[in-house]
Amino acid sequence: MSRIGKKPIAIPSGVTVTVNGSHVEVKGPKGTLVRDFAPIISIKVENNEVICERPNDEIESRSLHGTTRALINSMVVGVSEGFKKNLEIVGIGYRCQMRGTNLVLNMGYSHEVVITPDEGVKITAPEATKITVEGIDAQAVGQTAARIRSVREPEPYKGKGIKYVGEVILRKEGKRAGKK
């Protein structure tokens with residue numbers, strides 16, 4: 001049995017989970033998330049907990065069991081606490097600024113790169129080298145942060161580029177390393 005799939009999801013106070021067949025709606029203080037799941041997995045709300053069960057041990061139902069539970073848990077966490085990704089810009093002359101709701105990046109190209117946030121995602125730039133991506137949908141927050149990072153990924157020699165806070169960039173030695 002799936003270790004993740006059989007864990008019940010505790011519903012915090014202020015959050016309501018409505019299940020209609022394979023259609024799940026989660027409402028909380030930060031917003032509402034709606035998602036349709038595979039009908040093979042049965043989803044029930046009992047005793048202020050969400051329980052996911054699979055009918056058999058076939059490969060398809062086993063693979064969907066843990067995934068369904070993890071997605072519902074991420075919906076519950078999103079509407080109650082929200083998700084946040086922090087990025088930082090490393091490099092001389094690299095900077096960011098907000099223009100309305102859009103993020104404008106100056107990353108050494110001949111033009112500015114404008115990033116428009118996905119629906120339900122909020123981007124802020126508290127400093128010229130710090131970016132914060134927030135929202136209730138974990139997938140949308142992660143995708144927006146990855147799109148921002150892909151503008152200029154950190155390079156391995158000096159570590160210049162956009163990286164997640166706490167990310168370790170493996171460094172390489174330059175050409176001088178082999179000369180004596």
Original post:
Does E53 come within less than 4.0 Å of K44, counting only side-chain N to carboxylate O?
Top reply: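 So E53 pairs with K44 through a salt bridge.
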For residues [X] and [Y], determine if any side-chain heavy atom of one lies less than 4.5 Å from a side-chain heavy atom of the other.
X	Y	value
C96	T129	no
V34	V24	no
L103	M98	yes
P126	T132	yes
K172	P156	yes
K163	V90	yes
K84	K122	no
V26	V15	yes

For [X] versus [Y], what's the shortest heavy-atom pair and its separation?
X	Y	result
G159	P154	O-CB, 4.3 Å
N102	P117	OD1-CD, 3.8 Å
A128	I89	O-CD1, 4.1 Å
G14	P29	O-CD, 3.7 Å

Just how far is it from atom [atom1] of [X] to atom [atom2] of [Y], taken to the nearest 0.5 Å?
X	Y	atom1	atom2	value
M75	N73	CE	CG	11.0 Å
D137	K30	CG	NZ	14.0 Å
K85	I131	NZ	CD1	14.0 Å
I169	K158	CD1	NZ	15.5 Å
E58	I40	CD	CD1	6.5 Å
E167	L87	CD	CG	8.5 Å

Other residues, nucleotides, ligands: >12 heavy atoms within 6.0 Å of [X] [atom1]:
X	atom1	value
N20	CG	no
N47	CG	no
R35	CZ	no
E60	CD	no
E119	CD	no

Keeping the roles fixed (side chain from [X], backbone from [Y]), state whether a donor-acceptor pair exists under 3.5 Å.
X	Y	value
H65	C52	yes
S61	N56	yes
R147	T116	yes
T32	G28	no
E155	Y157	yes

Are [Y] and [X] connected in a single hydrophobic cluster, I mean Ile/Leu/Val/Met/Phe/Trp/Tyr linked by side-chain heavy atoms less than 4.5 Å apart?
X	Y	result
V19	L33	yes
I115	F83	yes
L71	I136	yes
V141	V151	yes
V133	V104	no

Original post:
Is there a side-chain contact (heavy atoms from CB on, under 4.5 Å) between I11 and V45 once you walk through the steps?
Top reply: CA-CA 9 Å; I11 302 173; V45 178; 4.0 Å; yes
Subject >> Member of K160, R95, K130 meeting the salt bridge (charged side-chain N to carboxylate O under 4.0 Å, His left out) criterion with E88 >> reply: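 Testing each of K160, R95, K130 against E88, the sole residue satisfying salt bridge (charged side-chain N to carboxylate O under 4.0 Å, His left out) is K130.
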**OP:** With R69 as the cation and F37 as the aromatic partner, state whether NZ or CZ is under 6.0 Å from the six-membered ring centre and within 45° of the axis.
**Re:**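 Pair R69/F37 does not count as cation-pi.
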**OP:** Could you walk me through whether I148 and I162 pass the side-chain contact (heavy atoms from CB on, under 4.5 Å) test, one step at a time?
**Re:** CA-CA 8 Å; I148 293 170; I162 302 173; 4.3 Å; yes
